[in-house]
Amino acid sequence: RRPSGDGMVRKRDDGRWEGRIVVGHKGNGDPIFRYVYGATQKELLSKLHQRIDQFTDVELTEDSRLTLSEWLDKWLSEYMPGTIRDGTLRGYKMYARNYVNPYIGEKIVSQVTSFDFQKLYAKLRKQGRLHPHPEYENRLADATICRIHSMLHLAMKTAVREHLIPKNPLDSVTVPKPNYKPMQILNEEQLAAFLAAVDKDEVWRDFFYTELTTGLRRGEICGLKWEDFDEMAHTLKVSRSVGIKGGGELTIDLPKTPNSIRTIILPTTTTERLRERKKAALTEWIFPNPLHPENPMNPNSAYNRMKVI
């Protein structure tokens, strides 16, 4: 059994020099090779010594021959379910399908380099958007590229642990800094106008008043049940969040992070609104779907209604 990092050299019939390195072993014990080529023996030996240093004491598996696309599919289907939120997993699959696989998905996972990823980010930044945007045109936002990078870094970290690659090529890749727009905060006059408009809407006024006075995420508000409301203590327990699957199906998940499970103290005015609302409640949800009250409110419906107001 030849150890990983062991190298061999020969001159080919076409005049070029070929070197091969043992980088791991198959299940039956046969060696897995990586090949290096050079126009001269000197050039080959230089390349070979670099690769030998890279693969010494590394024991790759047969999965090291998967393409990047195949590895991402396997990682997303076998390693990630149950470790991240369903919405995050759907986002990762979309990033792989739309932004990674079309460009470098056919490369062998153990041969994808930092330079390959750096070129990918540059291309996405220049013309990665699937549909032209009024402001960004064909450029993909830096924040989106950062999220793609986070996904890829995690996937390749797992690949190192599972002996598909010797080290993570994303460790040395430069990522564009997200350029978030400054948050717009309503002044007192704008806030008063908004509350006046909301108060005319019987369906939505309590929802948006609760959102404004608590700072809860929209999905968290949609996930509130009456059992979470303690009118005597003036508190709300936040322990679930409503999300949306592909096709519009609602999901009930834990909040975004473990620290998001919390109990918040309500302003007196919010407590009074919820207390009055509870008197006419017909369902377990504080803010049910108006047409299907057995279900929680859809976060997208709330967003769309707010834009109208």
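Note that the coordinates shown come from a computational prediction; the quantities given were computed from them, not determined experimentally.
A heavy-atom distance below 4.5 Å is not found between the side chains of I264 and T235. Side-chain contact check for V36 versus L44: some heavy-atom pair is nearer than 4.5 Å. Inter-residue side-chain proximity for I108 and V112 is flagged as unmet; no heavy-atom pair is nearer than 4.5 Å. Counting heavy atoms from C-beta on, the side chains of M151 and W75 come closer than 4.5 Å. At least one side-chain heavy atom of L274 sits less than 4.5 Å from a side-chain heavy atom of T210. Contact annotation: the side chain of L120 never approaches that of Y99 to less than 4.5 Å [non-hydrogen atoms, C-beta and beyond]. Residues E284 and W226 have side chains not in contact (no heavy-atom distance under 4.5 Å, counting atoms from C-beta outward). Residues L224 and L216 are in side-chain contact: their nearest non-hydrogen atoms beyond the backbone lie under 4.5 Å apart.
Ring orientation note: the planes of F207 and F287 are nearly perpendicular, at an angle over 60° on the 30°/60° scale.
To the nearest 0.5 Å, the span separating CD1 on I145 from OH on Y121 amounts to 8.5 Å. If you take CG on L89 and CZ on R85, they are separated by 12.0 Å, rounding to the nearest 0.5 Å. Distance CD1/I244 to CZ/R90: 8.5 Å, rounded to 0.5 Å.
Remark: aromatic rings of Y79 and W71 are close, center separation under 6.0 Å.
Under a cut-off of 6.0 angstrom, the local environment of NZ in K237 is sparse, with at most 12 non-hydrogen atoms contributed by other residues, nucleotides or ligands. Atom CG of L282 is surrounded by 12 or fewer heavy atoms from other residues, nucleotides or ligands within 6.0 Å. More than 12 heavy atoms of other residues, nucleotides or ligands lie within 6.0 Å of CZ in R217, so this atom counts as buried by the packing criterion. Counted within 6.0 Å of CD on E294, heavy atoms from surrounding residues, nucleotides or ligands total more than 12; the atom is thus considered enclosed. Surrounding CD1 of I84 are more than 12 heavy atoms belonging to other residues, nucleotides or ligands, all under 6.0 Å away. Within 6.0 Å of the CD atom in E227, the count of heavy atoms belonging to other residues, nucleotides or ligands exceeds 12. The number of heavy atoms from other shown groups lying within 6.0 Å of NZ (K278) is above 12. Atom CG of D13 is surrounded by 12 or fewer heavy atoms from other residues, nucleotides or ligands within 6.0 Å.
At a threshold of 4.0 Å, the pair D116-K107 counts as salt-bridged, since one of the basic side-chain nitrogens sits closer than that to a carboxylate oxygen. A salt bridge between E43 and K47 is present, with a side-chain N of the basic residue lying under 4.0 Å from a carboxylate O of the acidic one. A salt bridge does not link E137 to R129: none of the charged nitrogens lies less than 4.0 Å from a carboxylate oxygen. Here E272 does not pair with R277 in a salt bridge; the nearest charged N to carboxylate O distance is not below 4.0 Å. Salt-bridge check for D228 with R240: passed, with a basic side-chain N closer than 4.0 Å to an acidic carboxylate O. D142 has no carboxylate O lying under 4.0 Å from a charged side-chain N of K177, or vice versa, which leaves the two without a salt bridge.
Under the 3.5 Å distance criterion, with hydrogens and angles disregarded, a donor-acceptor pair is assigned to the side chains of D253 and T251.
Here the side chain of R16 pairs no donor or acceptor atom with the backbone of G38 at under 3.5 angstrom. Between the S110 side chain and the S64 main chain, a donor and an acceptor come within less than 3.5 Å of each other.
Cation-pi geometry between R273 and Y209 is met: under 6.0 angstrom from the ring centre, within 45 degrees of the axis.
L68 and M94 fall within the same hydrophobic cluster, defined by Ile, Leu, Val, Met, Phe, Trp and Tyr side-chain heavy atoms under 4.5 Å apart, directly or through other members. Placement of W285 and L254 in two distinct hydrophobic clusters is found when ILVMFWY residues are connected by side-chain heavy-atom separations under 4.5 Å, directly or transitively. I221 and I261 fall into different hydrophobic clusters, where Ile, Leu, Val, Met, Phe, Trp and Tyr are joined by side-chain heavy atoms under 4.5 Å apart, directly or via other members. Under the 4.5 Å side-chain contact rule for hydrophobic residues, M297 and L291 do not share a cluster. When hydrophobic clusters are built by joining Ile, Leu, Val, Met, Phe, Trp and Tyr residues whose side-chain heavy atoms come closer than 4.5 Å, directly or via intermediates, F115 is not grouped with I165.
Between M80 and L76 the shortest heavy-atom distance is CB-O, 4.0 Å.
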